[in-house]
Amino acid sequence: MLEVLVTLLILAIGMLGLASLQGRAHTSELESYQRGQALILLQDMASKMEGNGANAASYVTGAVGTSTTDAADCTTLGTRAAVDKCDWSKALKGSSETQGGSTTKQGAMINGRGCVATTAVTDVYMVSVVWQGLTATAVPTTTCGTGSYDSEASRRAVTTIVRIPDLSGA
C-alpha cells in the first residue's frame, strides 16, 4: 500500500512538471509567432521607404510610433508616404483579423507599434517594430515605444537600418 502511494506521488509530480512544460512551450510558440509577424512588417516598411527614397524623410514617426489616425481608406490621405504609414499602422494593429463578429483587432503582435527615426548619418533611417511580450527579458536598446508597455523588460523590438542612396550623380 505504501509503495502505491509513493508511486502516485511521483507520478503526480511528473504530471505537474509536464503541465508546466506545456505552458512554457505555448508561451514560446506565441513569442515566436509575434517575432515572425514583426519581422514581416519591419521588412514591409523598409521596402516601402526604399521604393519612395526621394520622400524617405516623410516616413519619420519619432519614438512613440504609429500614432497616426487610421483612415477607413488610407488611399484618401494624399501622399504616398502618408498612405504607407497608415497601411503599416493598420497592419501593426492586426487590421486583417478580428475576433468573432466584433471589431477587436488581432492577428499581429500584442499592442504593436512601428517607428521610423532619423540617425546621425544623412539619408539613413532606423525602422523599428515593438510589441508587448509575455515574459520579462533584456530591455531593448531602441527608444521606440518606451513607456507604452507593462514594463520595459516585457517590451520586444526588432530593428533594421534603411539607407537611401544618392542617385543625383553629384
Side-chain angles (χ1 to χ4, degrees), residues 17 19-52 55-74 77 79-121 124-164:
S20 173
L21 180 65
Q22 186 68 22
R24 288 184 188 198
H26 180 68
T27 300
S28 295
E29 179 184 8
L30 181 59
E31 291 272 1
S32 175
Y33 170 78
Q34 290 188 105
R35 182 169 299 280
Q37 292 296 309
L39 289 169
I40 290 168
L41 293 170
L42 180 74
Q43 186 58 46
D44 178 52
M45 180 49 76
S47 296
K48 287 177 179 180
M49 287 180 68
E50 289 168 348
N52 192 12
N55 299 310
S58 301
Y59 288 88
V60 174
T61 62
V64 176
T66 53
S67 58
T68 59
T69 304
D70 295 332
D73 181 10
C74 291
L77 296 178
T79 68
R80 181 172 167 198
V83 171
D84 288 346
K85 287 194 310 187
C86 178
D87 286 338
W88 193 43
S89 178
K90 284 183 170 185
L92 286 164
K93 293 172 184 155
S95 64
S96 63
E97 296 180 31
T98 57
Q99 181 177 10
S102 72
T103 59
T104 304
K105 308 288 188 196
Q106 55 186 78
M109 300 80 53
I110 298 171
N111 199 10
R113 292 179 184 270
C115 301
V116 178
T118 57
T119 64
V121 180
V124 176
Y125 302 90
M126 182 164 51
V127 181
S128 303
V129 173
V130 295
W131 68 96
Q132 173 72 46
L134 299 177
T135 58
T137 60
V139 176
T141 56
T142 181
T143 59
C144 182
T146 301
S148 301
Y149 300 101
D150 293 344
S151 71
E152 289 303 298
S154 66
R155 179 172 57 107
R156 302 289 188 271
V158 290
T159 61
T160 191
I161 298 295
V162 176
R163 289 179 176 85
I164 306 299

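The shortest distance between side-chain heavy atoms of Val116 and Lys85 does not fall below 4.5 Å. For the pair Thr159 and Thr141, the minimum side-chain heavy-atom distance is 4.5 Å or more. The side-chain heavy atoms of Arg155 and Thr142, taken from C-beta on, include a pair separated by under 4.5 Å.
No side-chain donor-acceptor contact under 3.5 Å links Gln34 to the backbone of Gly133. Remark: the backbone N or O of Arg24 is paired with a side-chain donor or acceptor of Ser28 at under 3.5 angstrom.
The heavy-atom pair separating Ala38 from Trp131 by the smallest distance is CB-CZ3, 3.3 Å. Shortest non-hydrogen contact noted between Val130 and Gly145 is CG2-CA, 4.1 Å. Closest of all the heavy-atom pairs between Thr160 and Ala46 is CG2-CB, 4.2 Å.
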Run Met109 and Leu41 through side-chain contact (heavy atoms from CB on, under 4.5 Å) and show every step you take. CA-CA 10 Å; Met109 300 80 53; Leu41 293 170; 3.9 Å; yes

Would you sort out whether Thr135 and Glu31 count as a side-chain contact (heavy atoms from CB on, under 4.5 Å), showing the intermediate values? CA-CA 9 Å; Thr135 58; Glu31 291 272 1; 4.1 Å; yes

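Of the inter-residue distances, the one linking Thr79 atom OG1 with Asn55 atom CG reads 7.5 Å to the nearest 0.5 angstrom. Taking CE from Met126 and OG1 from Thr118, the interatomic distance works out to 9.5 Å, rounded to the nearest 0.5 Å. Distance check, rounded to the nearest 0.5 Å: CD of Gln37 to CG of Leu39 gives 9.5 Å. The CD atom of Glu50 sits 12.5 Å away from the OH atom of Tyr125 when rounded to the nearest 0.5 Å. The CD1 atom of Ile164 sits 8.5 Å away from the CG atom of Asn52 when rounded to the nearest 0.5 Å. Between atom CE of residue Met49 and atom CH2 of residue Trp88 there is a gap of 9.0 Å, rounded to the nearest 0.5 Å.
Side-chain polar atoms of Lys93 and Ser89 form a donor-acceptor pair below 3.5 angstrom. In this structure, a donor-acceptor pair under 3.5 Å is present between the side chains of Arg156 and Thr137. For the residue pair Gln43 and Ser47, a side-chain donor N or O sits within less than 3.5 Å of a side-chain acceptor on the partner. Side chains of Asp84 and Tyr59: a donor on one and an acceptor on the other come within 3.5 Å.
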